[in-house]
Amino acid sequence: MKEIQKLYQKEMDKICYKEEEKEKLTAKLQQETPLSKRKIPVPKRTLVAVAMLICTVSACAYGVLHTGSEAFAPLYGTNENILLDEIGQPIGVSDTDNGITVTANAVVGDANNVFMIYTMEKNDHSPIELSETDLSSLYFKDTDVRWYNRNINVELGVQNIGCRFVQQENNRLSFIYVMHTQNPIPNEKWIKAKFTNLCRWDAAEKKDIPIIEGTWTLRYKLDYIDSGITIPVEQTFTKGGIDFTVKNITLSPIAAHVEYTANDIPLTWKTAEEKEGFSEEEIQHDTTRFIKDIEWFLTKKDGTTLSLAVEDIPASTDKIPTGGSHLSPETTYSVIQRHFGFSSIIPLDEIASITVGNIVIDIP
């Protein structure tokens, strides 16, 4: 061991600098640029490799990103590619449980509507066994989709229309989740979506039949392009002895939203608590005179019309259109909001007008 130590010391002495050499080396280092400020060239090949690695890691962590047209093809078909690529926001966030992966693929929306499309598939890419199950009978036992900030959900007046399964293809289930809000949606908000246990409804047995067990939780940012326009109206019409004022409409290639008031006519019930004390017939009376009796339709420039009344949506549909309404009780009048999601993309430059009651609103 001593011999080894001597040999080590001897070799180390060979690389020791003399005092004169130390002074020359110190002077040279002081003249050079500090290491922290030096620019070290990196070969382009290395940069490309790093970029590819980052992209690969991101894709593995968040799922494969699709264009808007690719993601929404199960819903709208393949003929809407140009506009959907412009207004659709790819997401590509996934969660896996029990050998099943759920992916949020993309979102499209406007000031009052959000359509998010998801896929569900097995990790081994084998088929999801549904036998003769109708897609319209599929649903999650528990669904919770919301903005992170619970107060925002209240402020926006969020109406979660829920999930609709729209396609089974290539061993993959596609479904949409639709959200509608009474007030304009703020930009750049984070969504938390939680889906638990896929089931189907057995109408004969009147019970749900479990298909896939699991819980999938996804968090992602909504940063889509608002594809709509809002048009102030402030025009009045009369129906059934009631004066209505159309306040504004919001129109986009995916949906329409209108707000109007019943002047000097409050709802039969004034608060949610009071509503519980009224019969279904009394509540339906308000629904009929404020909503069902008021025509609402879209006219295209080619002369064709599209009813925007939810009552005119075929009961057998398993996709969109979707529609709904909201009544707000005020002291001396009532506020009515109605919305309708189109079954296909309708470019704004193809729309001539929206009619509410007997008020025709031209689309600029």
Side-chain angles (χ1 to χ4, degrees), residues 109-115 152-161 178-187 226-272 275 283-299 305-313 320-342 346 348 351-364:
D110 58 25
N112 295 95
N113 301 276
V114 177
F115 296 167
I152 292 179
N153 288 271
V154 176
E155 293 167 4
L156 294 178
V158 174
Q159 293 178 316
N160 288 357
I161 299 175
V178 181
M179 299 177 74
H180 174 77
T181 65
Q182 298 166 36
N183 300 312
I185 300 169
N187 294 328
D226 181 354
S227 57
I229 57 173
T230 298
I231 303 173
V233 181
E234 295 294 339
Q235 296 185 46
T236 300
F237 67 94
T238 301
K239 179 74 173 183
I242 302 174
D243 291 334
F244 295 93
T245 298
V246 181
K247 309 298 288 184
N248 59 72
I249 63 168
T250 298
L251 185 64
S252 75
I254 64 168
H257 173 94
V258 65
E259 178 179 318
Y260 56 91
T261 59
N263 306 332
D264 301 321
I265 305 292
L267 294 176
T268 303
W269 43 274
K270 305 298 187 301
T271 65
K275 183 179 180 180
I283 295 173
Q284 283 299 320
H285 174 65
D286 284 340
T287 302
T288 298
R289 62 181 181 157
F290 293 154
I291 297 175
K292 293 183 178 180
D293 286 349
I294 308 301
E295 287 187 307
W296 184 34
F297 61 89
L298 174 152
T299 302
T305 60
L306 170 67
S307 173
L308 304 179
V310 66
E311 296 80 18
D312 293 333
I313 298 176
I320 54 176
T322 61
S325 58
H326 179 78
L327 292 170
S328 299
E330 301 293 340
T331 305
T332 58
Y333 64 96
S334 302
V335 178
I336 302 94
Q337 292 187 341
R338 300 170 70 177
H339 57 91
F340 190 91
F342 305 141
I346 306 179
L348 294 182
I351 302 174
S353 64
I354 296 287
T355 299
V356 182
N358 59 9
I359 302 294
V360 180
I361 303 103
D362 294 327
I363 306 303

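What you see is a predicted model, and the numbers here were worked out from it, not measured in a lab.
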Pairs flagged by salt bridge (charged side-chain N to carboxylate O under 4.0 Å, His left out) wherever residues 228-237 is involved - sequence neighbours left out:
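Qualifying pairs: E234-K247.
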Over all atoms of both residues, closest heavy-atom pair of [X] and [Y]:
X    : Y    : answer
S307 : F340 : O-CZ, 3.7 Å
A262 : I242 : CB-CG2, 4.1 Å
A256 : L251 : CB-CD1, 3.8 Å
L348 : S227 : CD1-O, 4.0 Å

Does the side chain of D243 pick up a donor-acceptor pair with the side chain of T236 at under 3.5 Å?
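Absent: no donor and acceptor within the cut-off.
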Distance-only donor-acceptor check, side chains N263 and T261, under 3.5 Å
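Yes, T261 and N263 have a side-chain donor paired with an acceptor closer than 3.5 Å.
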Which class fits the ring pair H180 and H339: parallel under 30°, tilted 30 to 60°, perpendicular over 60°?
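Because their plane-to-plane angle is under 30°, the rings of H180 and H339 count as parallel.
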Partner residues of D110 under the side chain to side chain donor-acceptor pair (under 3.5 Å) criterion, sequence neighbours left out
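Applying side chain to side chain donor-acceptor pair (under 3.5 Å) to D110 gives N113, S252.
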With a 4.5 Å heavy-atom cut-off, do Y260 and V233 have their side chains touching?
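They are not in contact (no side-chain heavy atoms under 4.5 Å apart), so the answer is no.
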Tell me, with the steps shown, if T230 and T250 meet side-chain hydrogen bond (donor to acceptor under 3.5 Å, both in side chains).
CA-CA 4 Å; T230 298; T250 298; 3.1 Å; yes
Residues 355-364 side chain polar contacts: donor-acceptor under 3.5 Å, at least two apart:
none

